[in-house]
K.L.:
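Please read through the structure below; I'll follow up with questions.
Atom set for the values below is all heavy atoms of this structure, side chains included, hydrogens, waters and symmetry mates excluded. A, B, ... follow the sequence lines: proteins, then strands. Residue 1 opens every chain. Given the structure is predicted, the values throughout are model-derived calculations rather than measurements.
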Amino acid sequence: MAQMTMIQAITNALQTELKNDENVLVFGEDVGQNGGVFRATEGLQEEFGEERVFDTPLAESGIIGLAVGMSTQGLRPVPEIQFFGFVYEAMDAVSGQAARMRYRSGGRWHAPITIRSPFGGGVHTPELHADSLEGLMAQQPGLKVVIPSNPYDAKGLLIQSIRDNDPVIFLEHMKLYRSFREEVPEEEYTVELGKANVKREGSDITFVTYGAMVHSALKAADELKEEGIEAEVIDLRTVAPIDIDTIIESVKKTNRAVVIQEAQKQAGVAANIVTEIQERAILHLEAPVLRVAAPDTVYPFSEAEEVWLPNHKDIVEKAKQSINF
Amino acid sequence: MSFNNPLEGIEEKFEMIQILDENGKIVNEDAMPDLSDEDLVELMRRMVYTRVLDQRSIALNRQGRLGFYAPTAGQEASQLGSHFAMEKEDFLLPAYRDVPQLIFHGLPLYQAFLFSRGHFHGNQMPEDMNALSPQIIIGAQITQAAGVALGFKRKGKANIALTYTGDGGASQGDFYEGMNFAGAYQAPAVFVVQNNQFAISVPVEKQSAAKTVAQKAAAVGIPGYLVDGMDVLAVYAVVKQARERAVNGEGPTLIETMTYRYGPHTMAGDDPTRYRTDDMDDEWEKKDPLVRFRKYLEGKGLWSEEKENEVIETAKEEIKAAIKKADQQEKQKVTDLISITYEELPSNLQEQMEEYKEKESK
Ligand SMILES: Cc1ncc(C[n+]2csc(CCOP(=O)(O)OP(=O)(O)O)c2C)c(N)n1
């Protein structure tokens, strides 16, 4: 075991799979000699050579299209989109092409691609670097969307994503890259895709969330505990598919739920979860299922980020609203 | 039989245009642009001013008083020589590194600082200024430039759209699409690719099998020029000619300026020692655009140390005043952002407007 940050756990997972499977390739803008703008691929080109870890020309649609094509040759590409806001440049390659390879060809082809990309607010980036676009991805059948909240999960989920035979969007919240360390096994292990994790048990209310908001939800739960309210916190880990069973089991116990996302409120992942809960467990509910989300503006110019982003106080407030309903 | 490779000899067609060499000597008298002494001095003033602005911006970023910043030192001739060929009514579509051109196109300095800080007022170009804010998405401005240009053409205006990207940006599909559209419509656009040799860490050789960016113009049937981007006179002359062609209805032009950024890619943690050598830095610094133009102007008796110091002092004072003004700008609120999302607020945002008004009043 070693203490690792999330970024180190990600590098470690890439290294593990590059070693395990010679078909695994890592490529993207600045991922080679530079080791990626966040150093996620640090040392990998040196260890595995330029044929396996390489810089691409600057073109996102080219990068993902290349990955789709290479996957027909038995290769297992792990391309990087330098910041996830740039995925708009590659929307057709991702949603119009990679996601549909299996379906369109009746299973003759498939696209075992893992697209890694940093995203997430709170680090004062310029426009289109921080946007939470997982809802957009989750709406596309054929894709899986994974968002780890901690180093241990990041490694296990990334290895599992690379081994998955369908395309996976693997989103790494920038704020979590170096914010804390935890024990991560040096040896390989996987974390199942589509399986949520109950991060904290509680009997009074269920918080359903993912990514950086897991930490805000845990903080809110700590605050609520002081007032005698026990919140259960579910870390989805993947937002497509969603582990409905774990959510429903919890809601049946607590009878209340707040769904929390960093993304804007309109459409999105939380709305979908709220619907699933009311469809499956309405008679178990003591209050409407509430949401904590960002306002429906474009991601803010960075100076207003702190106010715009949802935080633990918003979660506490919604929890009380639910309890006092 | 075997067919000839049409690429053979293509290099000769795209040889680098230079007017002023590294020693400040005119090497191409015939190409000398028609610039008055005042113009020449103004060009130098702008380059010196921009160098000071770059140094101060880096320092202010390090003190936490500025946010996002992409250094410009080394690229002054390329940026300001090309911009100098623009008329006030021409439309500028800059990338993130092209803040100096915006300033000389009319953006008040304090707003440039607000842009850096992530305040929306930094993106609000003054009403009389034909420009978009710095584009973050590499390549997006290039297709838009074709559109602005076609708009000018449709409206019968004798103006151009001028857009910038880098050697990396020239790999985007949007780059080809923008040039091709402008070519197909013979729209008055000028595409400037500042080839500073690296896209963050990736050297230009890895972007393409083409030896120059300029030659990519040939594929869409428009002229492409390769210019010494450290030579402000050459950059100006070529862009000026492209502008004239454009307003005369002769269509768009691609211009590649060979230049170098001395600093890191941005101030957000880039470390150039990971991908560049000191030798390479030294080689390029010998070509410095300010040094050679200073020599040239001094030779003509148009520039002196005294004059330079005056420009430096003025720049420093203006920067200080602009920072002060930026500090005084009212803090950006979420309600501000809600109000600029649509012309008329839809119901969800009306509700959120109330919610955030209340939050902000606490
Ligand atoms: C669509 C898109 N992809 C990637 C990036 C991230 N990025 C910012 S600058 C840069 C390199 C650009 O290099 P170049 O076009 O040569 O311009 P330079 O920065 O050297 O002026 C990259 C990859 C981006 N901003 N937009």
K.L.:
Can you say whether I200(B) sits under 4.5 Å from chain A via the side chain, the backbone, both, or neither, judging by heavy atoms?
P.N.:
both

K.L.:
To the nearest 0.5 Å, tell me how far I136(B) CD1 sits from F86(A) CZ.
P.N.:
8.0 Å

K.L.:
Could you give me the CA-CA distance, side-chain angles and deciding distance for R117(B) and H124(A), then say whether side chain to side chain contact (heavy atoms under 4.5 Å, CB included) is met?
P.N.:
CA-CA 9 Å; R117(B) 288 178 178 181; H124(A) 295 286; over 6 Å; no

K.L.:
Output the residues of residues 127-137 of chain A for which the shortest heavy-atom distance to chain B is under 4.5 Å, in residue-number order; output 'none' if no such residue exists.
P.N.:
E127(A), L128(A), H129(A)

K.L.:
Assess whether side chain to side chain contact (heavy atoms under 4.5 Å, CB included) is satisfied between D271(B) and R39(A), documenting all intermediate values.
P.N.:
CA-CA 11 Å; D271(B) 173 9; R39(A) 311 290 177 243; 4.2 Å; yes

K.L.:
Select one option (side chain, backbone, both, neither) describing which atoms of T341(B) are under 4.5 Å from chain A's heavy atoms.
P.N.:
side chain

K.L.:
What's the shortest heavy-atom distance between A199(B) and L58(A), and which atoms?
P.N.:
CB-CD1, 4.3 Å

K.L.:
For Q352(B) and T297(A), run side chain to side chain contact (heavy atoms under 4.5 Å, CB included): C-alpha distance rounded to whole Å, both residues' side-chain angles, the deciding distance at 0.1 Å, then the answer.
P.N.:
CA-CA 10 Å; Q352(B) 291 168 23; T297(A) 72; 5.8 Å; no

K.L.:
Do you know the tightest heavy-atom contact between A304(A) and V334(B)?
P.N.:
O-CG2, 4.4 Å

K.L.:
For the atom pair CD1 (I138(B)) and CD (Q82(A)), what is the distance rounded to the nearest 0.5 Å?
P.N.:
7.5 Å

K.L.:
Name the region of D174(B), side chain, backbone, both or neither, that has any atom closer than 4.5 Å to a heavy atom of chain A.
P.N.:
side chain

K.L.:
Can you tell me which of K359(B), E355(B), Q207(B) forms the most heavy-atom pairs within a distance under 4.5 Å of chain A?
P.N.:
Q207(B)

K.L.:
For residues S171(B) and A59(A), report the shortest heavy-atom separation together with the two atoms involved.
P.N.:
O-CB, 3.6 Å

K.L.:
Specify which of Y275(B), Y96(B), F120(B) makes the most heavy-atom pairs with chain A at under 4.5 Å.
P.N.:
F120(B)

K.L.:
L349(B) versus chain A, heavy atoms under 4.5 Å apart: side chain, backbone, both or neither?
P.N.:
side chain

K.L.:
With side chains defined as the heavy atoms from C-beta onward, is the minimum distance between Y356(B) and P295(A) less than 4.5 Å?
P.N.:
yes

K.L.:
Looking at E306(A), I want to see if its CD is surrounded by more than 12 non-hydrogen atoms of other residues, nucleotides or ligands under 6.0 Å.
P.N.:
yes

K.L.:
K331(B) versus chain A, heavy atoms under 4.5 Å apart: side chain, backbone, both or neither?
P.N.:
both

K.L.:
Hey, what do you get for CH2 (W308(A)) to CD (Q332(B)), rounding to the nearest 0.5 Å?
P.N.:
12.5 Å

K.L.:
When rounded to the nearest 0.5 angstrom, what is the spacing between CZ in R274(B) and CD in E42(A)?
P.N.:
4.5 Å

K.L.:
Could you tell me which portion of A268(B) (side chain, backbone, both or neither) has an atom closer than 4.5 angstrom to a non-hydrogen atom of chain A?
P.N.:
neither

K.L.:
Give the member of K206(B), Q172(B), H119(B) that has the highest number of heavy-atom pairs under 4.5 Å with chain A.
P.N.:
Q172(B)

K.L.:
Chain A heavy atoms under 4.5 Å from F68(B): which part of the residue, side chain, backbone, both or neither?
P.N.:
side chain

K.L.:
Quick one: CG on D296(A) to OH on Y342(B), what's the gap to the nearest 0.5 Å?
P.N.:
8.0 Å

K.L.:
Please classify the contact of D30(A) with chain B as side chain, backbone, both or neither, using a heavy-atom distance under 4.5 Å.
P.N.:
both

K.L.:
Has F181(B) got more than 12 heavy atoms of other residues, nucleotides or ligands less than 6.0 Å from its CZ?
P.N.:
no

K.L.:
What part of E60(A) gets closer than 4.5 Å to chain B, counting heavy atoms only: side chain, backbone, both or neither?
P.N.:
both

K.L.:
Inspect the contact between E351(B) and K265(A) and indicate whether a charged nitrogen and a carboxylate oxygen are less than 4.0 angstrom apart.
P.N.:
no

K.L.:
Should K333(B) and V307(A) count as side-chain neighbours, where that means a heavy-atom distance under 4.5 Å?
P.N.:
no

K.L.:
Does the side chain to side chain contact (heavy atoms under 4.5 Å, CB included) test come out yes or no for H265(B) and V37(A), once each step is laid out?
P.N.:
CA-CA 11 Å; H265(B) 169 66; V37(A) 292; over 6 Å; no

K.L.:
What are the two closest heavy atoms between S201(B) and N34(A), and how far apart are they?
P.N.:
OG-CB, 3.2 Å

K.L.:
Are there over 12 heavy-atom neighbours, none belonging to Q350(B), within less than 6.0 Å of that residue's CD?
P.N.:
yes

